[in-house]
There are 2 protein chains.
Amino acid sequence: MPRQIAERDDVIPALAEVFRTHGYDGASLALITQATGLGKGSLYHFFPGGKEEMAAAVLAQIEGWFATKVFEPLRESDPTRAIPAMFDAVDAYFHSGGRVCLVGVFALSDTRDRYFTEVRRYFATWIETLASALEKHGHEHPAARDLAEEIVGGIQGGLVLARAADQPQLFTRTLTRLRSRAESG
Amino acid sequence: MPRQIAERDDVIPALAEVFRTHGYDGASLALITQATGLGKGSLYHFFPGGKEEMAAAVLAQIEGWFATKVFEPLRESDPTRAIPAMFDAVDAYFHSGGRVCLVGVFALSDTRDRYFTEVRRYFATWIETLASALEKHGHEHPAARDLAEEIVGGIQGGLVLARAADQPQLFTRTLTRLRSRAESG
DNA sequence: GTCTATACAGTGATAGAC
DNA sequence: GTCTATCACTGTATAGAC
């Protein structure tokens with residue numbers, strides 16, 4: 001049986017881009033149909049729950065990406081390699097400051113309440129996983145958790161500043177600073 | 001002549017709260033009339049430009065607050081007193097992590113484009129003013145600017161994390177860390 | 001599965017009485 | 001200055017043809 005031309009997962013990147021750029025409320029179905037190239041009929045066929053289900057699917061995809069590309073390597077690999085690899089992955093994911101964090105966008109508005117479980121888990125997992133890796137890398141126990149919070153928070157703040165000034169290199173600079181701070185264990 | 005019961009400036013805090021909580025697109029006139037206690041007639045009397053002018057007035061109010069309470073003290077006072085005072089003011093302003101930064105919220109979505117001048121200036125002024133104060137306080141020239149970026153970005157990131165986890169103390173912890181980093185000049 | 005047509009609640013905004 | 005009534009429009013969502 002021939003593979004369908006459009007699968008549900010194929011439209012998720014376009015959906016993510018719309019939610020990232022316009023936020024949940026700003027992401028109108030008009031923008032979504034335009035970005036995905038699908039009519040409302042097709043969209044509601046894939047996502048019977050409408051916009052709410054679309055955003056949930058995007059969050060699940062993001063969680064899966066970070067689980068595979070960031071969290072698992074941090075847990076399993078040698079932290080001396082895994083921690084720099086995390087910064088590389090993050091730099092690539094956020095397009096070196098040219099793209100913001102959808103979970104961060106959702107976190108700041110009342111959209112957080114609609115996806116509270118997912119939003120909280122995203123940051124909590126990131127911080128906890130990174131803290132463990134930093135500890136294995138030689139940082140002291142309470143300080144490692146604090147440093148992990150500083151790094152994850154610093155990444156979010158760097159994205160805010162980079163987009164506010166429309167200067168992606170502000171994010172790159174932030175990453176460099178945080179990277180060296182993680183090294184000095 | 002008796003002072004009017006409702007002045008334009010009196011409704012700005014309520015407006016700010018709505019935009020902060022729901023974002024620009026999520027801040028409907030229904031929410032705004034509810035939060036301000038004013039009908040649409042009164043709102044459009046004060047803000048003929050509608051929502052766009054309301055948000056602009058809020059941004060102007062915020063800019064004024066920071067100019068008076070943060071930027072000017074940083075420029076004029078002894079940095080040894082002004083820098084800790086900045087952290088105190090920021091802690092109070094953001095309700096110790098219980099309130100997010102409206103300019104940060106706007107920066108992350110396409111609302112930034114509508115208020116690009118104001119958004120960019122807010123962070124640029126903050127970073128530049130803080131960098132000068134840090135230099136006067138003993139930090140080296142290029143490092144002071146870098147540290148100022150780290151502090152302002154760290155504050156924004158701390159607000160994101162605190163709201164994502166619904167744990168304001170995450171912001172307080174961030175402030176403490178940044179505070180001590182500014183001291184070690 | 002994808003489209004067009006449509007329902008209908010909610011949007012920002014305006015007009016006019018008081 | 002504040003209200004109510006109302007505007008034109010866009011919002012999400014649904015129904016049904018193909």
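Lettering of chains follows the sequences in order, A, B, ..., and the numbering in each one begins at 1.
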Tell me: [atom1] of [X] to [atom2] of [N], nearest whole Å?
{"X": "A:E52", "N": "D:dA13", "atom1": "CD", "atom2": "C1'", "answer": "13 Å"}
{"X": "A:L29", "N": "D:dT12", "atom1": "CG", "atom2": "P", "answer": "4 Å"}
{"X": "A:H22", "N": "D:dT12", "atom1": "NE2", "atom2": "P", "answer": "12 Å"}
{"X": "B:K40", "N": "D:dT2", "atom1": "NZ", "atom2": "C1'", "answer": "14 Å"}
{"X": "A:K51", "N": "D:dT14", "atom1": "NZ", "atom2": "P", "answer": "14 Å"}
{"X": "A:L43", "N": "D:dA13", "atom1": "CG", "atom2": "P", "answer": "11 Å"}
{"X": "B:E53", "N": "C:dA13", "atom1": "CD", "atom2": "P", "answer": "10 Å"}
{"X": "B:Q34", "N": "C:dG10", "atom1": "CD", "atom2": "C1'", "answer": "15 Å"}

Would you mind telling me which of [options] lies closest to the side-chain atoms of [X]?
{"X": "B:Y44", "options": "D:dT12, D:dC3, C:dG12", "value": "C:dG12"}
{"X": "A:S42", "options": "D:dT12, C:dT2, C:dA13", "value": "C:dT2"}
{"X": "A:H45", "options": "D:dT12, C:dT2, D:dG1", "value": "C:dT2"}
{"X": "B:L38", "options": "D:dA13, D:dT2, C:dA13", "value": "D:dT2"}
{"X": "B:A30", "options": "C:dC3, D:dG1, C:dT11", "value": "C:dT11"}
{"X": "A:F46", "options": "C:dT2, D:dT2, D:dA13", "value": "C:dT2"}

Strictly by side-chain hydrogen bond (donor to acceptor under 3.5 Å, both in side chains), give each pair with a member in residues 34-45 of chain A just once, sequence neighbours left out.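 Pairs touching residues 34-45 of chain A that pass the test: none.
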Note: B:D25-B:K51 ion pair, threshold 4.0 Å (strictly below):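 Answer for the salt bridge query: no.
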Electrostatic pair B:E140:B:R145 at N-O distance under 4.0 angstrom: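 A salt bridge is absent here (no side-chain N lies under 4.0 Å from a carboxylate O).
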For B:S96 and B:D91, does a side-chain donor sit closer than 3.5 Å to a side-chain acceptor?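 Their side chains do contain a donor-acceptor pair, which is all the 3.5 Å distance test asks for.
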Strictly distance-based, threshold 3.5 Å: is any side-chain N or O of B:K136 a donor or acceptor partner for the main-chain N or O of B:T80? no
May I ask you to say what B:G41 touches in the nucleic acid, namely base, sugar-phosphate or nothing, with a heavy-atom cut-off under 4.0 Å?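 Base contact.
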